[in-house]
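The next block holds one structure in the form of structure tokens; read it before the comments.
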There are 2 protein chains.
Amino acid sequence: MSEHTRQILVRGRLRITDFRLRLLEVFVASSHSALTQKEIEARIGAHDRITLYRTLKSFEAAQLIHQVVDGSLENKYAFCLHDCPEHRAQEEHAHFLCNQCKTTYCLGSISDLAITVPSNYSLDKVQLALTGTCSACN
Amino acid sequence: MSEHTRQILVRGRLRITDFRLRLLEVFVASSHSALTQKEIEARIGAHDRITLYRTLKSFEAAQLIHQVVDGSLENKYAFCLHDCPEHRAQEEHAHFLCNQCKTTYCLGSISDLAITVPSNYSLDKVQLALTGTCSACN
DNA sequence: CTATATTTGCAACATTATTGCATAAATGAA
DNA sequence: TTCATTTATGCAATAATGTTGCAAATATAG
Ligand SMILES: [Mn+2]
Ligand SMILES: [Mn+2]
Ligand SMILES: [Zn+2]
Ligand SMILES: [Zn+2]
């Protein structure tokens with residue numbers, strides 16, 4: 001059953017360990033939304049806090065997950081789908097935080113928006129943090 | 001010299017204290033950019049950490065300052081200019097984080113952008129976090 | 001000036017971030 | 001398969017940040 005996550009680790013050139021497989025399962029299982037550390041901990045079962053911290057860093061470096069800016073001040077991560085735009089030439093990336101259920105949804109590309117910065121500024125990355133009420137809560 | 005900041009506190013219906021005046025001076029002095037707690041502490045001189053924490057909360061509640069989402073995970077605050085769109089009917093608000101000097105600029109309104117959310121979602125707030133290189137660093 | 005409401009400073013505690021280091025485990029090569 | 005090497009893990013320790021309670025100090029209204 002973990003052949004899928006196994007392959008993801010191989011592609012990311014990360015050693016295959018039990019903990020990494022478990023963490024990856026968690027992300028794959030909620031690939032539509034971003035997770036806080038607390039939410040990850042609730043899902044992953046027994047674990048070491050520091051190992052989780054470092055594994056998140058590794059996953060991020062290997063571009064398996066990405067940090068999510070959703071307007072809350074919490075550090076959230078989401079699984080990078082293979083068409084995730086976050087790591088494709090720094091394309092625009094939108095996320096939606098629901099005020100009710102606190103879920104953060106990944107809305108994907110927003111490259112159709114016209115963003116301009118003041119003259120002499122150069123733009124590398126665009127992060128759009130939307131807040132409101134999601135479909136499930138409406 | 002502190003007549004200006006005095007007036008701001010009065011308008012916000014906050015009692016005038018020495019610490020509040022000092023903190024407000026700091027914000028007024030860098031009203032074009034957002035400040036981290038560390039940056040505030042470096043500018044304000046001798047102070048109590050908890051008092052700063054609570055005064056920031058008061059200022060925010062009184063809408064003298066607002067939290068800034070700039071794509072970093074740091075908690076930043078910026079002075080609300082009287083035409084600051086953040087507190088005018090939740091209008092869009094853009095900030096720019098410079099990768100070089102780490103300054104966060106307030107870019108103001110972006111209400112001309114066309115933002116759409118999936119059907120059945122309702123949108124309350126739009127925060128646009130731009131990253132790149134600022135004019136001074138270019 | 002006095003009474004009342006608010007603010008401040010300090011202690012205490014919670015949560016999160018971060019590094020060092022010894023041990024355990026994974027991997028590639030023999 | 002075994003072994004050597006590299007990497008990951010678990011635990012201790014520390015730093016940074018967030019948060020509340022409470023008594024003393026201060027601001028403000030009357
Ligand atoms: Mn995403
Ligand atoms: Mn602003
Ligand atoms: Zn919701
Ligand atoms: Zn700059």
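Residue numbering restarts at 1 for every chain, and letters A, B, ... go by the order of the sequence lines. Keep in mind that what you see is a predicted model, and the values were worked out from it rather than measured.
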Pairs flagged by salt bridge (charged side-chain N to carboxylate O under 4.0 Å, His left out) wherever residues 68-79 of chain A is involved - sequence neighbours left out: Asp70(A)-Lys76(A)

Can you pull out every salt bridge (charged side-chain N to carboxylate O under 4.0 Å, His left out) where at least one residue sits in residues 44-58 of chain A? Sequence neighbours excluded, please. none

Where chain B begins and ends its contact with DNA chain C, read 5' to 3' at 4.0 Å from heavy atoms: dA5(C) to dA12(C)

Indicate whether OP1 or OP2 belonging to [N] is found under 4.0 Å from a side-chain N or O atom of [X].
{"X": "Lys57(B)", "N": "dT19(D)", "result": "yes"}
{"X": "Gln37(B)", "N": "dG18(D)", "result": "yes"}
{"X": "Asn75(B)", "N": "dT17(D)", "result": "no"}

Taking side chain to side chain contact (heavy atoms under 4.5 Å, CB included) as the test, write out the residues that go with [X], two or more places apart.
{"X": "Arg15(B)", "result": "Arg20(B)"}
{"X": "Leu73(B)", "result": "Gln67(A), Asn75(A)"}
{"X": "Ala62(A)", "result": "Leu14(A), Leu64(A)"}

So what does [X] hit on the nucleic acid, given a heavy-atom distance under 4.0 Å: a base, only sugar-phosphate, or nothing?
{"X": "Arg49(A)", "answer": "base"}
{"X": "Ser58(A)", "answer": "nothing"}
{"X": "Tyr53(B)", "answer": "base"}

Partner set under side-chain hydrogen bond (donor to acceptor under 3.5 Å, both in side chains) for His32(A), not counting sequence neighbours: none

Gap separating the CD1 atom of Ile44(B) from the CD atom of Glu39(B), nearest 0.5 angstrom: 13.5 Å

Measure the CG-SG distance between Asn120(B) and Cys137(A) for me, rounded to the nearest 0.5 Å. 11.0 Å

The helix from dC1(C)-dG30(D) to dA30(C)-dT1(D): angle between end helix axes, five pairs per end, rounded to 10 degrees: 40°

When every nucleotide of nucleotides 22-30 of chain D is labelled 5' to 3' by its protein contacts under 4.0 Å (heavy atoms), B for base, S for sugar-phosphate only, - for none, what sequence of letters results? B----BS--

CD1 of Ile50(B) versus P of dA16(D): gap in Å, rounded? 15 Å

How close or far is atom C1' of dG18(D) from atom NZ of Lys38(B), stated in whole angstroms? 14 Å

Give me each pair satisfying ring pair (Phe, Tyr, Trp, His ring centres under 6.0 Å) with a member in residues 115-138 of chain B, each pair once, sequence neighbours excluded. Phe96(A)-Tyr121(B), Tyr105(A)-Tyr121(B)

For Arg22(A), all residues meeting salt bridge (charged side-chain N to carboxylate O under 4.0 Å, His left out), sequence neighbours excluded: Asp18(A)

Taking ILVMFWY side chains as joined if any heavy atoms are under 4.5 angstrom apart, and letting links pass through other members, which residues group with Val69(B)? Val69(A)

